Structure formats: structure tokens, C-alpha cells
Amino acid sequence: MTDSAPFPRFPASALPDPEPGAESHVPARALPLGFLAQMNESQREAVETVEGPLLVLAGAGTGKTRVLTSRLAYLLVVGKARPGQVLAVTFTNKAAREMRERVSRLLGRPVEGWWVGTFHALAARILRAHAEIVGLRPDYTILDEDDQIRLLKQLIEARRLDEKRWPARALLGVIQRWKDRGLTPDRVSAAEGAGAADGRALDLYADYQERLKALNAADFGDLLLHNLEIFRAAPDVLARYQRQFRYILVDEYQDSNVSQYLWLRLLAQEHRNLCCVGDDDQSIYSWRGAEVGNILRFEKDFPGAKVVRLERNYRSTPHILAAASGLIAHNRGRLGKTLWTESDDDGEKIHITGVWDGEAEARTVCDRIESLHGRGHALNSMAILVRASFQTREFEERLVSLAIPYRVVGGVRFYERAEIRDAMAYLRLVNQPADDLAFERIVNVPKRGLGAASLQTIHVLARAEGAPLLAAARRLVETDELKPKARGALAGFVRDVERWRGLVGAVPHGELAGQILEESGYVAMLRADRSPDAPGRLDNLKELVAAMEEFGSLGGFLEHVALVMDRESGESEDKVSLMTLHGAKGLEFATVFLPGWEEGIFPHQRALDEGGEEALEEERRLAYVGLTRAKERAFVSYAANRRVYNQWQTALASRFVGELPEANVEHSAETGLYGRYGERDRGSRYRSGLSDGGANHGRAYVHDGLSALRAASRATASHASALDFAPGERVFHQKFGYGRVVSADGDRLDVDFEKAGRKRVLAGFVEAV
DNA sequence: CTCGGCAGAATTTTT
DNA sequence: TTCTGCCGAG
């Protein structure tokens, strides 16, 4: 450690530098590498290829998590790195937690001091250590969405714009997309700046960033953005992290956005041991700034990169896998994978049901659940996956009336509840008196008679003095600006906050929180509330206080809630899961119900109206994700009529229904409303369905004929066409090896491969030899 | 200042 | 249907 940058947050254990290969703790012969023995060849390759950039294309159900965790364990066991030298990045807290647990289990002991977490949590940690470089203090606040909207509304108003025409929510979306792409206000191109809200969005973005700095606050996008700025402004700091992180692992790489990509690229520069795992076919978050291009471009971005494909599926039956693959083959611009599974039994076909209306659909689905349950299938093994959260309601009603236990996964999250946010605002204000957003949120909750007028007065004074609202309020109560009633109320509020503030550190903060909620009247307000959910709110507050006790400091707790608070709700109970398709990514169930496959719902109308082909493909990927959640059976359904916002609408079955290969589906035409599906547009050339003739017994191959694998990612120079090849010509294919052309059709070739047998491939993928 | 009534809008949401 | 925001009455 020769350079001198301050590095306050690092435990010493994170810093040392053992030479790679200089085994520390484990004698070579006794290396506990048993977990490698249970892996297939490509999985093992993905684990053992530790030097240099590596892209692992992991299809659905191919053992991705296992590879990730084994790879981490492997790095530690063979002494390639100490825990502190490994950076493992995920998108969700759940994934991070799982990774920790599973690696510890593989190693038989807990791992201390390694950097495993979400992009945001890791970036927050780095930002905390170097906040001053970007003009923040280390105790900066992380804003939630409520705060952001409130702030933007103020800024819109300050510029005398009509909030109706430029809704804060839409503006926030624009700003976030910029942040996702690593663009600070000064980096947004003039053309683009002018394009968004008549150029006002860019001004407001600048206003917004300025306000955040003044508030000593950062939003989620800023965490990454500030990291990039730190790395730019302080090369020595960057160099230190670059040296530290010998091995970097990234999960769900297809969901990374540009700023995350830039962040990774910088950190990986020194050792170049960057391993990204992902599946372009499961990229479903582009609307949130995820950039599929990251994964498509990987080999270009990291020259010398190796690509390992995990294509053996261990999850789904052949029918399910074939149906899903046939569907996704309708997308262009894929990296392309050939998923296969080994099984003696093709399993059940996808069950497709057309019904009269949404109610009938709920009835059908829930009856099936009941019947499966009666035959010994656990409710835990079943899930209903919907496109949009409002669709859960009909199912909930039906499940309730049948007394089938269920859980809605990913509804309103714990820390998004109003009472939790209010409590948090109290704590934030006590922790950081300059937190104006917190002040505004709770100054009149519970009602203290301090309405818009009083707040306005406080604002004016605060602006004039350049002081935080709380400080302005303190001065204001010494004057006669306010009416006596408001003045008294405000004085009381300020006094309370200061008293609580004096108790920080003196009283355990769990206790302090309880005291604040009591003395502020918040608890009393809820007790007096006769509405049915008031008791639940009180329980939530109790839970919040209990959760606090585990934390060393109030500040640490606040960061935890902002970044990682998610509540695992009794996953052990036997209940049917009800969730959106987005929420289902990464999960699996024996039985999956996929209702609402109707044009306008799925694919969603917005995708059809606005997003063009790309949006439609993302919807299709979503359908693919849904299908591939199923291990044993999948039920797709669509309704002819649906009540949307209390209005009846008729609907057509989703085009995705027709895109499922006929060989893998089974229609139970319950009402005879529709003809058979799939007559249209079911080009057999798009799929080869189940089993490759008789050549591969008990084996289901699914080809993605359309996949534009390298063709797309290379953005190819040459548009090879089948005309370039003559029958009998010898060719080489990246995946299938050497073979001889049998026939040509358009841009497709039938080739007899020496190893892989007869395949139909795109001409662009083969070269003459 | 607060509350009730009414109009208008309504994806997906890892952090 | 359900949530939000706005306006006028008390």
C-alpha cells in the first residue's frame, strides 16, 4: 500500500496483497473442491476460467447460480484471492444474500470481508468513503422515490412550469434514464437536451442535482454516477480499487445499464478478471435503463474475452423448454443459445385455455390449483404470473373464496409504506437536521395545524438565509411572522426534534425511535385511526423499531433501509405465489399459470403503441421468462372479454399464443370461442420442435433458427448468404464444428456436421474452409 | 387549516 | 375500480 489516499472504511483485512498462487491457508492436496465434481463440462469451464474476461451465457435453468457460487468458492479455495479482493455484484439484495449463504455453505465456514452486494450498495460504500470528492459529506442521505418526486415538483413550480404538462414523474423518468447512461447534466448532448420537454428537462435536471448537493443527498442513480466522478477526479483512489479487486463477478449482466458498465470497466482495468453472467433472452428491464448492448458487445469491450455457454437445462421438461425456445426464436438480435435437456419423458404439453372473461379465467386457474393440491402438489410449488400487478386482484378474490392460502410477492414493499416512510423521516431529521425533505414530510404529520401557508413562510425564510428548514423554523418561532397558533405548534415541533437529537448516542436508537414515535403523537394518531389497516401499520412500526436494534448506529440503519430493506415474508409456509412476470425472474415452480395472454395486456398496449419492434421483443422475452419458470407444467390462458377499470373490453388472444410451437401445446378449448390457434404465421422454419428425428434418442434439441448470434453482435461486415455456399462445400461453424453443406435456402443452410449431425444454420455463422 | 366531494388518470419497478 | 390532486365550504 504505497499511495496515501484516505481509506477510512476499509477493514485492514481487505487490503493485503498475497501473490496469486501463494497458497495461504489450505494445503493443496486437501483442497475441498468436491463441488466441481458435480458439474457438467461447461459449468466447470465457467468456474475454472478465472483469468481474463469471461462471459457466461447462462440460459434459463442451466445452473447459473451454482456456477457463480462455485466460482467464488473456487477462487478462495485455490488461493487465487482473499475475500477482500473479490468483488461480486448482483442486482437484488436477495441475490446477494443467497450468494453469501451458498458460498459459505460450499466452504463450510462463513466468509468475512468480501465485497458482495448490489451495484448500489457497493457504490454507496465507496461513495461513503470518498464523498468529499464529489462535494458530499459521508453522512449523505439516500433519497427514496417520494422524496425525488416532491423535490422535482418544487423545482417545476420554481420555474413556473405547469406541472400538468410536465409531470414530475415523467421528468424523473427522463432524468433517471440520463443517469442510467452515465450522463451528468453537462454531458447530455445539446440535441437530446433540447428534445426532452422543450429543453426544460435538462434545466430541471441541473436544478435537481444542485438541490441534491445542497441537501447532502443522493438518489439511486447518483450512487453510481458519483462513483464514476470520483474515479475520474481522483485517479489514485481508482487505482487503489483497481488493484484491490483481482476478481470481479457480475450476475444478471443483461440488466446492467451504461453507468454500471462504465463502473465495472474502470474497476476491472488492472487485473482484467471480469466475469459476467447473463442471458440476453431474459433482458426485461430496458425500460429501466438496462442496456442489452452491454452483453451483446462484451467480446468487443473486453478483447480476448472468452465466452462460455451454459445450455444444458436442468429445470424444465422437454415440452416446456421447446415451447419457450420456439417462442423466443421469433426475436431477432439474440446471442443465441441452443438449450437442451435430457429426459426420458417429454412431460406435459403447455396447456392453453381460452375462456369467456377474467372471472372465468380466475375460476379455471384456481380450480386447477385446488385439484393439483388435492393430488398432493404443494401450494408452494405453484405460481400465478401476471403481466401487470392489477391483474392479481381477480385471482386474489377467487383464492380467498376457495380458502386457498396465497402470498402476493413484491407488492408494496415494507419500506415503501407510508408509516415506515414517516417514521424514517423523523429519524432522518433527527440524524441530519438539514434533511429538508424529511422535515417537509413530517412537519404536519400528525396534524399540528401547520399547513401550506406556514410551510411557505418557513420556505421563504430558509431561502433568504440559505439555511435548512429546521433552522429557519427555529428562528421563525422567535418572530411574529406566524399566527400564534401555528407559531406555538411549530415551536413545539422544533423543541421536540432538538430534544430527540440530544438523545442520539445516549439512548439506544431502537428505544429512541419508539420514544420519537410516541412523543410525536404518531402512534396516537394511528391508535385513533378507525380504518381497518391502522393496526397493521402499528405492527409495521414495531417491526421497524425491532429491526433497528440490530444496527450499531442510527446512520447505519438509515442506509440499510434505503438500500437493502426487504422483508422476507414466510417463504416456508405453503402458499400459492402470485406475482408479476418481472418479479418471477430467477425463480422456479413446478406449476406455473400464465393468465392474461391477450393482445393489449400481454404484449402490453403501451409496448404495442410506442415501443415498436424492440418493445415487442422485450414483451416476448418476458413471456419466455414466464414459461421457463415452469419445471413440470405450464398453463397459458386468455379471455375473450375483460373488465378494465370497470369497462368491458373484448380482446384477442396474444400473438405469443400462436407463436408457441404446435407440437408442444395442447388446447383445451373450454368454450369453443376461438378456433384453433397457430394457423397463422407458424412457419415451421422457425423451430424444429421436439427431438431431432430419431437421431438423438431421449433428447430434446431446440434450435433457435432465427438467432442472429454473432451476426448481430459483430454488426457484421459481410452479409453472408446461402448463395455464397454450394452444396458439398466444406464449412466450419463456431458451435457445431466442421461439416458439409447439403442444401441452401435463402440465408439458411442445411449442413451435415461431422460431430453434431444435420443442422439448419444461418449462412452468416459458417465460413468456408 | 381541514375535510369532503369531484374529475381525471391508470405498465412492468431489482435499487 | 382506486388513487391522486384540486377546489370550495366550514
Side-chain angles (χ1 to χ4, degrees), chain A residues 89-98 117-124 142-145 148-149 153 163-164 167-170 172-173 176 179-180 218-224 251-252 254-257 259-260 282-290 358 385-394 397 409-413 415-416 418 444 446-456 482-483 485-486 489 559-566 579-587 596 600-611 615 618-619 621-623 625-626 643-647:
Chain A
V89 196
T90 64
F91 278 86
T92 65
N93 293 304
K94 194 173 163 214
R97 207 181 315 124
E98 229 173 78
T118 62
F119 275 104
H120 293 91
L122 294 165
I142 297 170
L143 297 190
D144 63 25
E145 204 185 344
Q148 298 180 53
I149 297 276
K153 277 189 181 159
E163 218 251 302
K164 287 267 169 50
R169 197 160 278 285
L172 181 61
Q176 266 166 354
K179 291 192 172 183
D180 290 339
D219 65 19
F220 278 106
D222 280 339
L223 297 176
L224 268 300
D251 191 12
E252 307 278 20
Q254 77 281 355
D255 290 337
S256 60
N257 61 35
S259 68
Q260 287 159 345
Q282 294 186 62
S283 163
I284 54 176
Y285 281 104
S286 74
W287 50 275
R288 259 183 135 278
L385 309 181
V386 297
R387 174 64 182 86
S389 46
F390 74 85
Q391 292 173 265
T392 57
R393 241 198 54 218
E394 268 179 319
E397 283 168 9
V409 181
V412 187
R413 274 182 295 280
Y415 56 84
E416 282 173 359
N444 200 29
K447 302 249 184 318
R448 299 188 174 89
L450 295 166
S454 308
L455 198 55
Q456 183 59 33
L482 292 177
K483 294 198 182 114
K485 217 169 160 187
E559 173 168 322
H560 170 79
V561 175
L563 286 172
V564 289
M565 190 85 173
D566 56 356
M579 65 184 104
T580 65
L581 288 158
H582 284 90
K585 197 175 66 162
L587 305 178
I601 289 191
F602 190 35
H604 196 276
Q605 194 60 44
R606 283 278 264 270
L608 295 172
D609 291 345
E610 293 161 23
E618 180 146 322
E619 296 285 303
R621 289 194 291 271
L622 203 46
V625 166
R643 202 169 42 178
V644 185
Y645 308 130
N646 217 20
Q647 289 209 308

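On a predicted model such as this, the values are computed, not experimentally measured, just so you know. Note on naming: letters A, B, ... go to the chains in the order of the sequence lines (proteins, then strands), and numbering restarts at 1 for each one.
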Tell me every residue that passes side-chain contact (heavy atoms from CB on, under 4.5 Å) with A/Q254, counting only those two or more places apart in sequence or in another chain.
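side-chain contact (heavy atoms from CB on, under 4.5 Å) check on A/Q254 returns A/E252, A/Q282, A/S283, A/I295, A/K585.
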What integer distance in Å separates [X]:[atom1] from [N]:[atom2]?
| X | N | atom1 | atom2 | answer |
| --- | --- | --- | --- | --- |
| A/R288 | B/dT15 | CZ | P | 9 Å |
| A/K585 | B/dT15 | NZ | C1' | 13 Å |
| A/L581 | B/dT13 | CG | C1' | 13 Å |
| A/H582 | B/dT12 | NE2 | P | 9 Å |
| A/I284 | B/dT12 | CD1 | C1' | 8 Å |
| A/N93 | B/dT13 | CG | C1' | 14 Å |
| A/Q605 | B/dT12 | CD | C1' | 15 Å |

Taking the six-membered ring for Trp, are the ring centroids of A/H604 and A/W287 within less than 6.0 Å of each other?
no
Aromatic contact between A/H120 and A/F91, with the criterion being ring centroids under 6.0 Å apart: yes or no?
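No; A/F91 has its ring centre 6.0 Å or more from that of A/H120.
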Taking all non-hydrogen atoms of both residues, which atom of [X] and which atom of [Y] are closest, and how far apart?
| X | Y | value |
| --- | --- | --- |
| A/I149 | A/R169 | CD1-CA, 3.7 Å |
| A/S286 | A/E618 | OG-OE1, 2.6 Å |
| A/G289 | A/N257 | O-CB, 3.1 Å |

5′-ward residue of the pair A/E145/A/L622 relative to DNA chain B
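Result: A/L622.
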Using a 4.0 Å heavy-atom cut-off, write out nucleotides 1-11 of chain B from 5' to 3' as B (base contacted by protein), S (sugar-phosphate only) or - (no contact).
SSS------BB
Given the 90°-from-0 boundary between syn and anti, B/dT12 should be labelled anti
Residues A/T90, A/D251; criterion side chain to side chain contact (heavy atoms under 4.5 Å, CB included); working and verdict
CA-CA 5 Å; A/T90 64; A/D251 191 12; 4.3 Å; yes
Basic-acidic side-chain contact under 4.0 Å: A/D180, A/R288
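Salt bridge flag = no for A/R288 with A/D180.
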Look at A/E619 together with A/R606 and state whether they make a salt bridge at an N to O cut-off of under 4.0 Å.
no
Which part of the nucleic acid, if any, lies within contact of A/Y285, taking any heavy atom under 4.0 Å across all strands shown: a base, the sugar-phosphate backbone alone, or nothing?
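The residue A/Y285 makes base contact.
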For a quick check of understanding: with a heavy-atom distance under 4.0 Å over all strands, which category does A/K179 fall into, base, sugar-phosphate or nothing?
nothing
Tell me, please, the opening and closing nucleotides of DNA chain C, 5' to 3', among those with an atom under 4.0 angstrom from a non-hydrogen atom of chain A.
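It runs C/dT1 to C/dG5.
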